[in-house]
Undergrad: 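Encoded as structure tokens, here's the structure I'll be asking about.
Everything numeric here is computed off the predicted structure, so don't read it as measured data. Computed over heavy atoms, backbone and side chain alike; hydrogens, waters and symmetry mates excluded.
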Amino acid sequence: QVQLVESGGGLVQVGGSLRLSCAATGSAFSIYAMGWYRQAPGKQRELVAGITSGGSTNYADSVKGRFTISRDNAKSTVYLQMNSLKPEDTAVYYCNGRAHLSSGTFTLWSWGQGTQVTVSS
């Protein structure tokens, strides 16, 4: 079972930037697609950005042009660079592996503790 440890969150003003990190234990990290998710109070967890094992990326419309997902397979770590932050980006951010099946896309492992991002106006 892979364990996930997210870090890098904090309190930032509108327009500011943060860089989140997610370190995964276990081997074979490089073969997995990864994703960053977020959950705001009272809302469902949603996918923010995804990256395949080959480095292709996709983003939620709400963060396109502001967030960048990347990965360092040697460090078994996935990153989320967040720029031009808005109050609506306030949430707990999580990462997870992703599996694409004919029936849909699923997360692979148990969720970590997440990292809180708070954007103040």
Side-chain angles (χ1 to χ4, degrees):
Q1 174 74 356
V2 172
Q3 292 185 325
L4 303 164
V5 179
E6 300 93 347
S7 62
L11 174 64
V12 64
Q13 291 188 333
V14 169
S17 298
L18 285 172
R19 188 193 194 207
L20 307 184
S21 299
C22 169
T25 64
S27 59
F29 171 83
S30 63
I31 71 172
Y32 296 112
M34 296 293 296
W36 277 100
Y37 301 78
R38 68 186 180 188
Q39 187 168 22
K43 295 187 176 181
Q44 288 190 334
R45 194 166 347 211
E46 62 175 351
L47 177 70
V48 173
I51 185 166
T52 67
S53 58
S56 297
T57 59
N58 65 282
Y59 299 92
D61 288 343
S62 58
V63 306
K64 278 182 182 176
R66 301 188 298 121
F67 289 12
T68 303
I69 188 172
S70 61
R71 64 190 300 160
D72 184 336
N73 291 332
K75 295 182 179 179
S76 297
T77 300
V78 61
Y79 303 98
L80 187 68
Q81 177 67 45
M82 306 188 297
N83 299 327
S84 302
L85 283 161
K86 303 176 180 180
E88 51 264 43
D89 295 319
T90 295
V92 179
Y93 284 72
Y94 304 85
C95 69
N96 212 315
R98 304 180 72 204
H100 301 281
L101 305 177
S102 58
S103 55
T105 300
F106 303 91
T107 54
L108 292 175
W109 308 303
S110 299
W111 296 100
Q113 84 288 350
T115 186
Q116 175 71 49
V117 172
T118 303
V119 184
S120 65
S121 56

Undergrad: Given a cutoff of under 4.5 Å between side-chain heavy atoms of I, L, V, M, F, W and Y, with clusters grown through shared members, what are the other residues clustered with L101?
TA: F106
Undergrad: Indicate yes or no for a side-chain donor-acceptor contact from S84 to the backbone of R66 under 3.5 Å, with no hydrogens or angles considered.
TA: no
Undergrad: Just verifying a value: how many Å separate R19 CZ and L80 CG, rounded to the nearest 0.5 Å?
TA: 10.0 Å
Undergrad: Between atom CD of Q39 and atom OH of Y94, what is the distance when rounded to the nearest 0.5 Å?
TA: 5.5 Å
Undergrad: To the nearest 0.5 angstrom, please state how far the CG atom of L47 sits from the OH atom of Y59.
TA: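 These two atoms lie 11.0 Å from each other.
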Undergrad: Given the rule in the side-chain contact (heavy atoms from CB on, under 4.5 Å) test, do L108 and V2 qualify, once you have shown the distances and angles that lead to the verdict?
TA: CA-CA 9 Å; L108 292 175; V2 172; over 6 Å; no
Undergrad: Enumerate the salt bridge (Lys or Arg N to Asp or Glu O under 4.0 Å) contacts for residues 104-114, please, sequence neighbours excluded, ordered by first and then second residue.
TA: none
Undergrad: Side-chain donor-acceptor pairs under 3.5 Å in residues 114-121, sequence neighbours left out?
TA:
{"unit_1": "T115", "atom_1": "OG1", "unit_2": "G9", "atom_2": "N", "d": "2.9"}
{"unit_1": "Q116", "atom_1": "NE2", "unit_2": "A91", "atom_2": "O", "d": "3.4"}
{"unit_1": "Q116", "atom_1": "NE2", "unit_2": "T118", "atom_2": "OG1", "d": "3.3"}

Undergrad: Keeping to residues at least two apart or across chains, list the disulfide bond (SG atoms under 2.5 Å apart) pairs with something in residues 32-66.
TA: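 Listed by first then second residue: nothing to list.
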Undergrad: Is it the case that over 12 heavy atoms from other parts of the model lie below 6.0 angstrom from the CD atom of Q44?
TA: no
Undergrad: According to ring-ring contact (aromatic ring centres under 6.0 Å, His included), does anything in residues 12-41 pair up with another residue at least two apart or in another chain? List the pairs.
TA: Y32-W109, Y37-W111
Undergrad: Give every residue pair that meets the disulfide bond (SG atoms under 2.5 Å apart) criterion with at least one member in residues 33-89, sequence neighbours excluded.
TA: none
Undergrad: Disulfide bond (SG atoms under 2.5 Å apart): which pairs involve residues 53-121, sequence neighbours left out?
TA: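 Residue pairs passing disulfide bond (SG atoms under 2.5 Å apart), neighbours aside: C22-C95.
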Undergrad: Any chain of hydrophobic side-chain contacts (each under 4.5 Å) joining M82 to V14?
TA: yes
Undergrad: If you look only at pairs with a residue in residues 48-57, which of them pass as a side-chain hydrogen bond (donor to acceptor under 3.5 Å, both in side chains), with sequence neighbours excluded?
TA: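 Every candidate side-chain hydrogen bond (donor to acceptor under 3.5 Å, both in side chains) pair involving residues 48-57 fails, so no pair, neighbours aside, qualifies.
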Undergrad: Do F67 and V92 land in one hydrophobic cluster if side-chain heavy atoms of ILVMFWY residues count as linked below 4.5 Å?
TA: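 They do not share one cluster, since no chain of ILVMFWY contacts under 4.5 Å joins F67 to V92.
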Undergrad: Using a 6.0 Å cut-off, check whether atom CD of Q13 has over 12 heavy atoms from anything other than its own residue.
TA: no
Undergrad: Measuring from atom CG of N58 to atom CD1 of I69, what distance do you get when rounded to the nearest 0.5 angstrom?
TA: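 Rounded to the nearest 0.5 Å, the CG-CD1 separation comes out at 8.0 Å.
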Undergrad: Does K64 have any side-chain hydrogen bond (donor to acceptor under 3.5 Å, both in side chains) partners at least two apart in sequence or in another chain, and if so, which?
TA: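 Checked K64 against side-chain hydrogen bond (donor to acceptor under 3.5 Å, both in side chains); matches are D61.
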Undergrad: What disulfide bond (SG atoms under 2.5 Å apart) pairs are there with at least one residue in residues 39-77, not counting sequence neighbours?
TA: none
Undergrad: So which pairs with a foot in residues 72-83 pass side-chain hydrogen bond (donor to acceptor under 3.5 Å, both in side chains), sequence neighbours left out?
TA: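 Only S17-N83, R71-N73, Q81-N83 qualify under side-chain hydrogen bond (donor to acceptor under 3.5 Å, both in side chains).
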Undergrad: Is there a donor-acceptor pair closer than 3.5 Å between any side-chain N or O of Q113 and the backbone N or O of V5?
TA: no
Undergrad: Quick test of your reading: applying salt bridge (Lys or Arg N to Asp or Glu O under 4.0 Å), list the pairs with at least one residue in residues 31-41, sequence neighbours left out, ordered by first then second residue.
TA: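 Every pair satisfying salt bridge (Lys or Arg N to Asp or Glu O under 4.0 Å) with a residue in residues 31-41: R38-E46, R38-D89.
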